[in-house]
Amino acid sequence: MSLPALTALLFTLTALLSALNARFLRLPPTIGVLLGGLVLAGAVAALGALGVAQAAQVRGLLLAVPFDRLVMEGLLSFLLFASAVQTDVRALLRERGIIAGLAVVTTLVTMLALGGGLYLVTGWLGQPLTLAQALLFGAIVAPTDPVAVMPLLERAGVPERLRALVAGESLFNDGVGVAAFTVLSAAVVGSGAGTQAPLDVARIGTLLAREMLGGILLGALLGVLTAQLTRLARDQATAVLLSLALVTGGYALGELAGVSAPVTVAAGGVTLILLLRVGQARRKEAGRLSLQEARDTARIRSFWEVLDQVLNAVLFVLLALEALVVHLRPELLGVGVAVALLSVAARGLGVWLPLTLYQLQARRAGPDKRQSLRARRLNLQAFAPYTRRLMTWAGLRGGVALALAFSLPAGELRDRLLFLTYVVVLFSLLGQGLTVPLLARRAVAADPDTRPAA
């Protein structure tokens with residue numbers, strides 16, 4: 001099947017599943033199409049077991065789709081930019097200290113705790129992995145995905161600060177996870193057959209600093225340039241084209257420069273929207289803001305909001321259909337269930353550490369210090385109730401984790417880690433994703449700032 005025909009089939013299938021979900025299931029769109037895709041994948045697998053030749057053809061089509069490259073080199077940049085454009089940039093800046101801690105510390109602590117736990121669990125259950133292999137799995141599933149959870153938090157009325165923490169961490173922790181994955185995969189796979197390079201902790205730190213800081217700097221520079229060109233153009237279509245150029249060009253430049261391409265795109269989106277809004281606010285105060293300029297910025301955001309929803313739906317349908325190409329490992333099912341639960345515990349530890357340290361700092365700061373910090377836009381305030389629990393449970397895993405697992409070299413290790421990753425992703429999206437609204441409503445009810453006045 002040709003690429004245009006395959007693309008048409010995927011979009012048609014996504015549209016049908018989305019329509020069925022909107023009419024009957026009425027679940028969050030991404031989770032609804034994921035469930036529909038899983039049902040369809042199960043039907044195809046059943047037909048294949050009955051000897052229907054067309055079922056094998058469907059599996060062959062999916063095997064021809066490079067899921068890892070499609071996500072990491074294609075969809076990820078668009079999805080990260082769309083999330084950045086739709087995020088409250090000023091809230092991100094107010095929480096920049098804790099967001100940086102969450103993006104780096106939480107991701108690394110989750111990786112270490114989950115990897116160490118997997119090492120012990122697999123040894124205890126008779127399916128041993130080396131420590132480096134277990135840590136590699138931790139790097140695969142440590143980054144979180146805001147795609148499915150952010151609409152749920154907004155619908156539940158979760159406070160702006162908590163939404164900013166979830167969105168901000170998810171925007172930048174992909175870069176941390178990918179950097180750790182790069183070093184660990186080199187240590188596990190080695191430079192040749194049968195070789196395994198030593199695990200270099202110093203290299204992880206150096207690569208992480210280079211990719212994160214370099215990506216932020218490059219993205220900020222590209223965002224400034226794009227904002228200036230957007231102001232000069234004063235045309236809606238040109239503004240949208242410039243934002244598309246920032247996404248695609250920023251990702252390519254990030255890879256050429258040897259920095260984190262996902263972080264470059266996210267930083268570029270945040271910078272672009274921040275500068276456009278600051279410029280509009282200043283011209284509005286001076287009485288020089290034109291109606292066309294305000295509409296252009298709003299339309300950029302609307303364009304990316306729609307594109308975000310479409311690409312997310314396509315990604316989740318494809319993620320569900322990938323079940324047909326994941327080698328089933330019944331002997332690892334017990335390990336998969338244990339690791340899915342362990343991933344939540346590891347995430348909880350990773351969230352608890354930076355939030356608790358930040359909370360202690362807030363309690364030690366007196367009113368005068370808090371006022372000075374607030375004047376510098378550092379929001380050193382106590383967190384609302386349920387913050388730790390909601391950030392832990394809302395840390396969903398999605399397409400990035402599966403793409404990293406698919407990118408491993410073919411072999412026994414890839415099959416094992418891919419199966420475990422798929423179990424964790426499904427548990428995360430279905431088990432956690434469907435119950436996040438319940439916890440979110442409790443968080444809103446427990447927050448005194450969101451309660452209605454008596």
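Residues: numbered from 1 along the sequence shown.
Checking side-chain atoms of Thr387 against main-chain N and O of Ala384 turns up a donor-acceptor pair under 3.5 Å. Judged by distance alone, the side chain of Ser18 and the main-chain N or O of Thr14 form no donor-acceptor pair under 3.5 Å. Put simply, the side chain of Gln86 gets close to the backbone of Ala82: a donor and an acceptor are under 3.5 Å apart. Panel note: side chain Ser185, backbone Phe181; a donor-acceptor pair is recorded below 3.5 Å. Between the side chain of Arg397 and the main chain of Val141, a donor-acceptor pair closer than 3.5 Å is present. For the pair Asn312 (side chain) and Asp308 (backbone), a donor-acceptor distance under 3.5 Å is present. Counting only distance, with no hydrogens or angles, the side chain of Thr226 and the backbone of Gly223 share no donor-acceptor pair below 3.5 Å. Asp235 contributes a side-chain N or O that, together with a main-chain N or O of Thr238, makes up a donor-acceptor pair within less than 3.5 Å. Panel note: side chain Thr271, backbone Gly268; no donor-acceptor pair is recorded below 3.5 Å.
Closest non-hydrogen pair, Asp174 versus Pro262, comes out as CB-CB, 4.5 Å. Nearest heavy atom pair, residue Ala443 against residue Leu390, reads CB-CD2, 4.1 Å. Smallest separation of non-hydrogen atoms from Ala403 and Phe67: N-CE2, 3.8 Å. Scanning both residues, Val105 and Pro354, for their nearest heavy atoms gives CG1-CD, 4.2 Å. When all heavy atoms of Thr110 and Thr106 are compared, the pair lying nearest together is OG1-O, 2.6 Å. Here the closest non-hydrogen pair linking Ala179 and Glu211 is CB-OE1, 4.1 Å.
The side-chain contact (heavy atoms from CB on, under 4.5 Å) test with Leu318 is passed by exactly one of Leu75, Leu70, Val33: Leu70. Just one residue in the list Leu434, Leu34, Leu38 forms a side-chain contact (heavy atoms from CB on, under 4.5 Å) with Leu429, and that residue is Leu34.
Using a 4.0 Å cut-off between charged nitrogen and carboxylate oxygen, Arg59 and Glu322 do not count as a salt-bridge pair. Look at Glu169 and Arg347 and you find a salt bridge, because one of the NZ, NE, NH1 or NH2 atoms lies within 4.0 Å of a carboxylate O, short of that distance.
Using a 4.5 Å heavy-atom threshold, the side chains of Thr7 and Phe11 count as touching. Residues Leu229 and Leu225 form a side-chain contact, since some pair of their non-hydrogen atoms from C-beta on lies under 4.5 Å apart. Looking at heavy atoms from C-beta onward, Gln133 lies in side-chain contact with Thr130 at the 4.5 angstrom threshold. Contact of the Leu417 side chain with the Leu413 side chain is registered, since non-hydrogen atoms from C-beta on lie closer than 4.5 Å. Annotation: side chain of Val109 is not in contact with side chain of Trp352 (no heavy-atom distance under 4.5 Å). A heavy-atom distance below 4.5 Å is found between the side chains of Leu76 and Leu80. With a 4.5 Å cut-off on side-chain heavy atoms, Asn173 and Leu102 do not count as touching. For the pair Leu244 and Phe78, the minimum side-chain heavy-atom distance is below 4.5 Å.
The CG atom of Leu404 sits 11.5 Å away from the CG atom of Leu418 when rounded to the nearest 0.5 Å. Rounding to the nearest 0.5 Å places CG of Leu208 at 9.0 Å from OG1 of Thr107. Between the CG atom of Leu165 and the CD atom of Glu160 there is a distance of 10.5 Å, given to the nearest 0.5 Å. The CD1 atom of Ile216 sits 9.0 Å away from atom OG1 of Thr264, with the distance rounded to the nearest 0.5 Å. Here CD of Glu255 is found 9.0 Å from OG of Ser77. Values are rounded to the nearest 0.5 Å. A distance of 5.5 Å separates OG1 in Thr230 from CG in Leu272, rounded to the nearest 0.5 Å.
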Quiz item: Run the side-chain contact (heavy atoms from CB on, under 4.5 Å) check on Val270 and Thr87 step by step: do they pass?
Solution: CA-CA 8 Å; Val270 169; Thr87 302; over 6 Å; no
Exercise. Just do the side-chain contact (heavy atoms from CB on, under 4.5 Å) check on Arg299 and Val240 with the steps written out, would you?
Key: CA-CA 8 Å; Arg299 285 167 180 168; Val240 171; 5.8 Å; no
Exercise. Could you walk me through whether Leu20 and Leu25 pass side-chain contact (heavy atoms from CB on, under 4.5 Å), step by step?
Key: CA-CA 7 Å; Leu20 290 173; Leu25 299 179; over 6 Å; no
Practice problem: Before giving the answer on side-chain contact (heavy atoms from CB on, under 4.5 Å), spell out for Glu73 and Asp68 the whole-Å C-alpha distance, their side-chain angles and the decisive distance to 0.1 Å. | Solution: CA-CA 8 Å; Glu73 299 177 13; Asp68 55 329; over 6 Å; no
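Classification of the Tyr358-Phe383 ring pair by plane angle, with boundaries at 30° and 60°, yields tilted.
With sequence neighbours excluded, no residue forms a side chain to side chain donor-acceptor pair (under 3.5 Å) with Gln432.
In the displayed structure, Arg277 atom CZ is contacted under 6.0 Å by more than 12 heavy atoms of other residues, nucleotides or ligands.
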